[in-house]
Amino acid sequence: MSFVREAVRKMEGYIPGEQPQEEGYIKLNTNENPYPPSPRVVERLIEFLSHSSLALYPQPLSDRVREKIEKVYGFPREWVIVGNGSDELLNLVFRIFAGKGDVVAYPFPTYTLYRTLALLQEAEPWEIPFPDDFSLPGEFVTAQANLKILCNPNSPTGTYVPLGEVESLLRRSSCPVLVDEAYVDFAPESALLLLSRFPNLLVARTLSKSFSLAGLRIGFLFAHPEVLQEILKAKDSYNVSTLSQVGAEMALEEIEYAMRNVEKIKNTRSWVTREMEEMGFYVYPSQANFVLVRRGGQDLRFLYEELKRRKILVRYFPEWPEYLRITIGADAQMEILLHNMREIIEGVA
Ligand SMILES: *Cc1c(COP(=O)(O)O)cnc(C)c1O
């Protein structure tokens, strides 16, 4: 494939979690919400399809979604770009801020898509290890880079950096700092509270996790209007489908519905954490809708594989074999998971 750019030939592609085609799995591997989205979102989509045409292009800037965003998050339309999932928005940020040879710094381990996006730009990923407690690495705060990314709460660890520390990161950084807040609705506070004071801050949010709409593909990127003006130059004109815009508008009216599900997931998270600790796992303190667990230094592939055989999918990262990342599902799903984990572990012992 000598006609493919060398940078692309030499890199690995991002590998998403498994999405099995077969039915019947308890799916705890890609942090989807176990609860369905608000029924009003579905009703609105059906109603739209029966009265409107898909022959026309969608609004290029998702204006009606942005009106709802202003009501919910308090930022006028010039402060936000709506994307086809927040992955699209991460992509745009890399294209705008990371050129060939530029340095993109982020604490590690984290969402491995950042590495892929950096390598595509021929930029250099600088992966700064988290300390054992997954607090913000001092080296990251002071790093000289062209772009810094903080996933907060972080995936796959679930750990959360308090806003005071995010603020000192912003003060100490002269480059743009992207805070990826895919899981922030499960955590105490959002970096949006800092946005008006820091022109180098960009905040990415998504409806995929807390709003149960991973299939709709909607993300938001918040930043100062002058920054977003530059980013818009690289955006596809019609990046968000008409149906996704219609669904997102309604989802943003159904905040209370989503937040009730968030509360349920947080309660399940506390209970599952205690149960797994009793089974001898170390469970990292999570502010997300998943937990990262380890059992001493044991390779947990056997547990992942045996659970999969029993039709329960959790996330095993070959890069980090001592850990499993487990999405918090509904109580009944987690009962089944815990029961099977106990059986498997007792069988091995
Ligand atoms: C799920 C996730 C995303 C992607 O969200 P989409 O809006 O579905 O594209 C981005 N960042 C992190 C850390 C995630 O876990």
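Both counts, for ligands and for their atoms, begin at 1 and track the order of listing.
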Determine all donor-acceptor pairs shorter than 3.5 Å in which one atom belongs to a side chain in residues 156-166; sequence neighbours excluded.
unit_1, atom_1, unit_2, atom_2, d
Thr157, OG1, Asn154, ND2, 3.0
Thr157, OG1, Thr159, N, 3.3
Thr157, OG1, Thr159, OG1, 2.7
Tyr160, OH, Glu189, N, 3.2
Tyr160, OH, Glu189, O, 2.8

Over 60° means perpendicular and under 30° means parallel, so classify the ring planes of Phe134 and Phe130, tilted if in between.
perpendicular
Would you give the length of the straight line joining atom OG1 of Thr112 to atom OH of Tyr106, rounded to the nearest 0.5 angstrom?
8.5 Å
Parallel, tilted or perpendicular, judged at 30° and 60°: which one describes the rings of Tyr284 and Tyr282?
perpendicular
Anything under 3.5 Å between an N or O on ligand 1 and a protein N or O? List each pair with its distance, or write none.
unit_1, atom_1, unit_2, atom_2, d
ligand 1, 5 (O), Ser86, OG, 3.1
ligand 1, 7 (O), Ser86, N, 2.6
ligand 1, 7 (O), Ser86, OG, 3.1
ligand 1, 7 (O), Thr206, OG1, 2.6
ligand 1, 7 (O), Ser208, OG, 3.4
ligand 1, 8 (O), Ser208, OG, 2.6
ligand 1, 8 (O), Arg217, NH1, 2.8
ligand 1, 8 (O), Arg217, NH2, 3.4
ligand 1, 9 (O), Ser86, N, 3.1
ligand 1, 9 (O), Asp87, N, 3.0
ligand 1, 9 (O), Arg217, NH2, 2.8
ligand 1, 11 (N), Asp180, OD1, 3.4
ligand 1, 11 (N), Asp180, OD2, 2.7
ligand 1, 15 (O), Tyr183, OH, 2.6
ligand 1, 15 (O), Lys209, NZ, 2.9

Hey, is Glu12 close enough to Arg115 for a salt bridge, meaning N to O under 4.0 Å?
no
Inspect the contact between Arg342 and Glu275 and indicate whether a charged nitrogen and a carboxylate oxygen are less than 4.0 angstrom apart.
yes
